[in-house]
Number of protein chains: 2
Amino acid sequence: MTSRSYGQFCGFARALELVGERWTLLVVRDLVLGPKRFTELRRGLPRIPTNILSARLKELEDAGVLRRRVLPRPAAGVVYELTGYGQELEDIVLRLGLWGARSLGDPRPDDIVTTDSLILALRATFLPEAAGDLRAGYQLNLGDVVVHARIDQGSLEVGEGPLAGADLVIETGPAIRALLSGEVSPGEAVQTGCVRLTGDPDLLTRFVEAFHIPPAPVALPV
Amino acid sequence: MTSRSYGQFCGFARALELVGERWTLLVVRDLVLGPKRFTELRRGLPRIPTNILSARLKELEDAGVLRRRVLPRPAAGVVYELTGYGQELEDIVLRLGLWGARSLGDPRPDDIVTTDSLILALRATFLPEAAGDLRAGYQLNLGDVVVHARIDQGSLEVGEGPLAGADLVIETGPAIRALLSGEVSPGEAVQTGCVRLTGDPDLLTRFVEAFHIPPAPVALPV
DNA sequence: CTGGATCCCTCACGATACTG
DNA sequence: CAGTATCGTGAGGGATCCAG
């Protein structure tokens, strides 16, 4: 146990002791969007060994970051949900995600995209001021992950699944990153075929204004 | 190498791949305050094995977070300094530090306090609005770590070492945490002797208003 | 003296299998 | 569905050594 301590009386070191281990913050990331079952967490973190997930959940519970809740009937089972203390990590997770997105090159062969990470990414990249008075409903299909976003005068609501009556449906792939970072313009993206639209094409321009990843710091090796 | 990947095409997972390993963010923390030599970093992280420090520095350099710079004469040697990209972690580090400070109980037997972590802690806990129109110079002695802070109408400047002509010198120990979190009032702290003052005692009240740790979320086990 | 590299040992992590 | 049990491996820990 003592091996995990950094030996410093320091809030930051303490934070790393609580949530700094491998996988831990990814569990928090997925719980930011609401309570989840063990199996749902596994689905969002396909590479995590179940014993590690068990261990992380216990550690986070001990740390006061999440709460294990036994559901009453009829939905019997167990869910894990962030405590108030855990929820305060949301802003940090979003910021760190935005920071990391700038180093995100192209996906490696086995990289996956999860619904939760995409929803978080949209929330992290959203710029209310840049959205201006935009008022539109988008559906975003990234591979087989489908999410939707409703923008209404600087407010954003993102959710899982399709959006009936979306003003624009965007079908794309990993190119989404280059699009949001400005490396590829909306026009180019459509022309090269890495983005397909159904609906008003002008709304794509508004989309990339509203959701933005700052330019990559440098060209990075794989 | 592949073992370090989380297998997700996600900015947040990418961030954890870059700076999520053990010790990594503590290195960043110490570099936030300026370029440092290998040996200075060791001093701030007494428990880090030198091979791990070497490895982390290389990884951070590859990640574009820091730069290795060979100093010209007369101060020959090598310093490590954050790149612009690395500097953008400062705000995240401060926030995470403040979050973790709320779970900081009493120091464990071998816990140390470093100058850098104390300076960062003051910057993280500073509330410009709460400082109001305060204008004062403080010297804070925590054990044998000595730092000083100058507050001037919402602006803060913190540095290492004593402050000649300080309006108040605060000598204390781990009790500083309970003081900043409001668990102990300034009056109690002075009366119980866990804080000793030299200068205007009323300035201690202004101090704990200006630097504040939100209350602990729950009582936590050691 | 700074700035590491090298060695070995250990334990946490990770993969797989299995259970209430 | 929600985990526990088992076990191998590799990253971390700690001491030591070396080059400029």
Side-chain angles (χ1 to χ4, degrees), chain A residues 1-8 13 16-27 30-31 35-63 66-81 110, chain B residues 1-8 13 16-27 30-31 35-63 66-81 108 110 112:
Chain A
M1 272 303 156
T2 172
S3 74
R4 294 184 37 197
S5 164
Y6 287 105
Q8 303 204 186
L16 292 183
E17 287 169 9
L18 295 180
V19 299
E21 271 179 298
R22 191 162 163 76
W23 292 111
T24 302
L25 276 175
L26 284 174
V27 173
D30 281 8
L31 288 179
K36 284 203 166 50
R37 291 163 173 273
F38 191 88
T39 311
E40 294 178 282
L41 288 168
R42 284 188 66 178
R43 208 174 306 136
L45 273 9
R47 302 253 259 240
I48 195 173
T50 61
N51 59 341
I52 299 295
L53 179 54
S54 286
R56 292 297 176 269
L57 289 171
K58 249 179 231 99
E59 291 156 11
L60 286 171
E61 190 181 3
D62 290 344
L66 61 77
R67 181 169 30 234
R68 186 181 196 271
R69 190 151 57 90
V70 179
L71 293 177
R73 294 187 314 101
V78 178
V79 291
Y80 298 88
E81 62 184 358
D110 290 344
Chain B
M1 273 304 156
T2 172
S3 74
R4 294 183 37 196
S5 164
Y6 287 106
Q8 303 204 184
L16 292 183
E17 288 169 8
L18 295 180
V19 297
E21 271 181 297
R22 190 161 165 77
W23 293 109
T24 303
L25 277 175
L26 285 174
V27 173
D30 281 7
L31 288 178
K36 285 204 165 51
R37 290 162 174 274
F38 191 89
T39 310
E40 293 179 283
L41 287 168
R42 283 187 67 178
R43 209 174 306 136
L45 273 10
R47 302 254 262 241
I48 195 174
T50 62
N51 58 342
I52 299 294
L53 179 54
S54 285
R56 293 297 176 269
L57 290 171
K58 250 179 233 101
E59 290 155 11
L60 286 170
E61 191 181 2
D62 289 345
L66 62 78
R67 181 170 30 235
R68 185 181 199 272
R69 190 151 57 92
V70 179
L71 292 177
R73 295 187 314 102
V78 178
V79 291
Y80 299 88
E81 63 184 355
R108 286 151 300 197
D110 290 342
I112 62 163

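In what follows, chains carry the letters A, B, and so on, assigned in the order in which the sequence lines appear, proteins first and then strands, with residues in each chain numbered from 1. Keep in mind that this is a model prediction, so the values were computed, not measured.
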Value in whole Å for how far the [atom2] atom of [N] lies from [atom1] of [X]:
| X | N | atom1 | atom2 | result |
| --- | --- | --- | --- | --- |
| A:Lys36 | D:dG3 | NZ | P | 16 Å |
| B:Phe38 | C:dA5 | CZ | C1' | 10 Å |
| A:Glu21 | C:dC13 | CD | P | 4 Å |
| B:Leu66 | C:dG3 | CG | P | 14 Å |
| B:Glu40 | C:dG4 | CD | P | 13 Å |
| A:Leu53 | D:dT4 | CG | P | 10 Å |
| A:Ile52 | C:dT16 | CD1 | C1' | 13 Å |
| B:Leu45 | D:dG12 | CG | P | 14 Å |

Between [options], spot the one nearest the side chain of [X], thanks.
| X | options | answer |
| --- | --- | --- |
| A:Pro49 | C:dG14, C:dG4, D:dG12 | C:dG14 |
| B:Arg68 | D:dG3, C:dG3, C:dA5 | C:dG3 |
| A:Lys58 | C:dG3, D:dT4, C:dA12 | D:dT4 |
| B:Thr50 | C:dT2, C:dA5, D:dA2 | C:dA5 |

Query raised in the report: Between the main-chain N or O of B:Arg22 and the side-chain N or O of B:Arg56, is there a donor-acceptor pair closer than 3.5 Å?
Result: yes

**Report entry** Main-chain N/O of B:Gly20 paired with B:Thr24 side-chain donor or acceptor, under 3.5 Å
**Finding:** no

Requested in this report: Between B:Arg56 and A:Arg43, just flag the one whose closest nucleotide in DNA chain D comes earlier from the 5' side.
Outcome: A:Arg43

Reckon [X] has a side-chain N or O less than 4.0 Å from the OP1 or OP2 of [N]?
| X | N | result |
| --- | --- | --- |
| A:Arg22 | C:dG14 | yes |
| B:Trp23 | D:dG13 | yes |
| A:Ser54 | D:dG3 | no |
| A:Tyr80 | D:dG3 | yes |

Report task. Could you tell me whether A:Arg37 contacts a base, only the sugar-phosphate backbone, or nothing, with contacts defined as non-hydrogen atoms closer than 4.0 Å? Result -> sugar-phosphate

Report summary line: When every non-hydrogen atom of B:Gln8 is compared with those of A:Gly44, the smallest separation belongs to OE1-O, 2.8 Å

Query raised in the report: Between the base of C:dG4 and the side chain of B:Asn51, is there any donor-acceptor pair under 3.5 Å?
Result: no

Query - Side-chain heavy-atom pair B:Tyr80, B:Val27 within 4.5 angstrom cut-off - result: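 Side-chain contact under 4.5 Å: no.
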
Report task. I would like to know whether B:Leu57 and B:Arg68 meet side chain to side chain contact (heavy atoms under 4.5 Å, CB included); could you show each step before the answer? Result -> CA-CA 8 Å; B:Leu57 290 171; B:Arg68 185 181 199 272; over 6 Å; no

